[in-house]
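Everything on this sheet refers to the single structure shown next.
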Protein chains: 2
Amino acid sequence: MRIGELAKRAKVSRDTIRFYERHGLIRSGVDPEAGNSYRIYPEDAVLTLDVIRDAQAAGLSIADISMFLAQFMAQSPEAEAGQGFLEAKIVEVRARQEAGARFLQMLEQTKAALDRAPQDGLDEVTRRGEA
Amino acid sequence: MRIGELAKRAKVSRDTIRFYERHGLIRSGVDPEAGNSYRIYPEDAVLTLDVIRDAQAAGLSIADISMFLAQFMAQSPEAEAGQGFLEAKIVEVRARQEAGARFLQMLEQTKAALDRAPQDGLDEVTRRGEA
DNA sequence: CAAAACCATTGACAGTGGTCCATGGTTTAT
DNA sequence: ATAAACCATGGACCACTGTCAATGGTTTTG
């Protein structure tokens with residue numbers, strides 16, 4: 001498919017796709033039949049873009065995601081080097097998820113306290129936090 | 001305490017503390033006794049910096065965190081306005097946590113597949129993904 | 001067939017989250 | 001009392017993650 005359709009299906013801008021492609025997260029080719037310079041993206045590029053979104057939510061940088069996708073796609077037996085990378089990212093992401101979960105609880109407790117007593121402070125949460 | 005001690009205790013740089021302060025995430029005063037311009041930070045600034053870290057892990061921007069802290073500290077009954085803000089952030093963070101968890105699973109599965117068969121592709125994960 | 005819609009490439013621009021440096025003052029330790 | 005360590009302020013600078021605009025070519029559609 002061409003960039004416009006991919007953009008629409010994956011809900012990202014064309015420019016973002018080009019940005020990712022420049023950074024090696026997405027690959028494309030050209031149709032040799034057609035005499036134009038239009039890039040053709042494989043169907044699974046949509047899925048790749050979904051993965052990129054999730055990876056970003058997990059806190060990975062573009063460079064990280066590029067590494068990950070290389071490992072993930074790895075048809076070639078060039079693994080080994082990236083073993084440590086995956087392990088490191090797992091540790092990192094787990095920590096970030098835990099921190100995020102902690103903060104989510106604070107958000108929820110804060111809202112709950114404010115719902116309960118919209119006109120005064122929220123000592124409850126603060127006291128609970130001190131436990 | 002002074003900025004150096006806070007920096008050490010919270011494990012952030014002095015410049016980062018100043019950056020946060022400029023953006024309203026941290027507050028400080030000066031000791032009127034001392035004739036200097038050194039800023040004094042309250043004990044709980046350490047905790048605030050911890051919260052900031054977690055909030056960033058949850059994907060909040062500095063502006064968001066500023067809003068949140070204002071709600072959280074809210075001694076004043078100026079709540080109401082921020083009710084919707086908290087709700088919105090909760091929804092947002094939950095979604096991000098789920099996406100992050102999804103990606104973490106991919107990471108784990110990819111590593112597992114690579115551990116199992118370091119020299120060939122990782123069709124298992126791919127096939128599982130297609131379910 | 002002409003306009004509208006699409007595409008590629010290049011490079012400038014923007015917002016975010018810091019970091020660094022220069023300058024000059026203050027405190028602490030030797 | 002002097003050097004080392006600390007502090008404040010201001011502004012320049014940085015990496016990252018896009019976004020936009022200009023230019024010129026291609027396809028689709030009415």
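In what follows, chains are A, B, ... by sequence order, proteins preceding strands, each numbered from 1. Atom set for the values below is all heavy atoms of this structure, side chains included, hydrogens, waters and symmetry mates excluded.
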Between [atom2] of [N] and [atom1] of [X], the distance in whole Å:
X: A:Asp15; N: C:dT9; atom1: CG; atom2: P; value: 12 Å
X: B:Arg14; N: D:dA8; atom1: CZ; atom2: P; value: 9 Å
X: A:Asp64; N: D:dA15; atom1: CG; atom2: C1'; value: 14 Å
X: B:Leu6; N: D:dC7; atom1: CG; atom2: P; value: 10 Å
X: B:Arg2; N: C:dT26; atom1: CZ; atom2: P; value: 13 Å
X: B:Ile3; N: C:dT26; atom1: CD1; atom2: C1'; value: 15 Å
X: A:Glu5; N: C:dC7; atom1: CD; atom2: C1'; value: 14 Å

field: Spacing of CG belonging to A:Leu107 relative to CZ belonging to B:Arg94, to within rounding of 0.5 Å
entry: 9.5 Å
query: Does A:Ser13 have a side-chain nitrogen or oxygen under 4.0 Å from the phosphate oxygens OP1 or OP2 of D:dT19?
result: yes
- prompt: For D:dG18, does OP1 or OP2 lie under 4.0 Å from any side-chain N or O of A:Thr16?
  reply: no
Between [X] (side chain) and [Y] (backbone), is there a donor-acceptor pair under 3.5 Å?
X: A:Thr16; Y: A:Val12; value: no
X: A:Gln97; Y: B:Gln97; value: yes
X: B:Arg14; Y: B:Ile3; value: no
X: A:Arg53; Y: A:Ala10; value: yes

- prompt: Looking only at side chains, do A:Ser28 and A:Glu21 share a donor and an acceptor under 3.5 Å apart?
  reply: yes
message: Quick one about B:Tyr41 and B:Glu5 (side-chain donor to acceptor, distance below 3.5 Å, no hydrogens or angles considered), yes or no?
response: no
- request: Answer yes when A:Arg9 and A:Glu43 have at least one side-chain N-carboxylate O distance shorter than 4.0 Å, and no when they do not.
  value: yes
message: Taking the six-membered ring for Trp, are A:Phe85 and A:Phe68 closer than 6.0 Å centroid to centroid?
response: no
Interface residues of residues 18-57 of chain B with DNA chain C (non-hydrogen, below 4.0 angstrom): B:Phe19, B:Tyr20, B:Asn36, B:Tyr38, B:Gln56
task: Name every residue in residues 87-103 of chain B that has at least one heavy atom under 4.0 Å from any atom of DNA chain D, in order of residue number, or write none if there are no such residues.
output: none
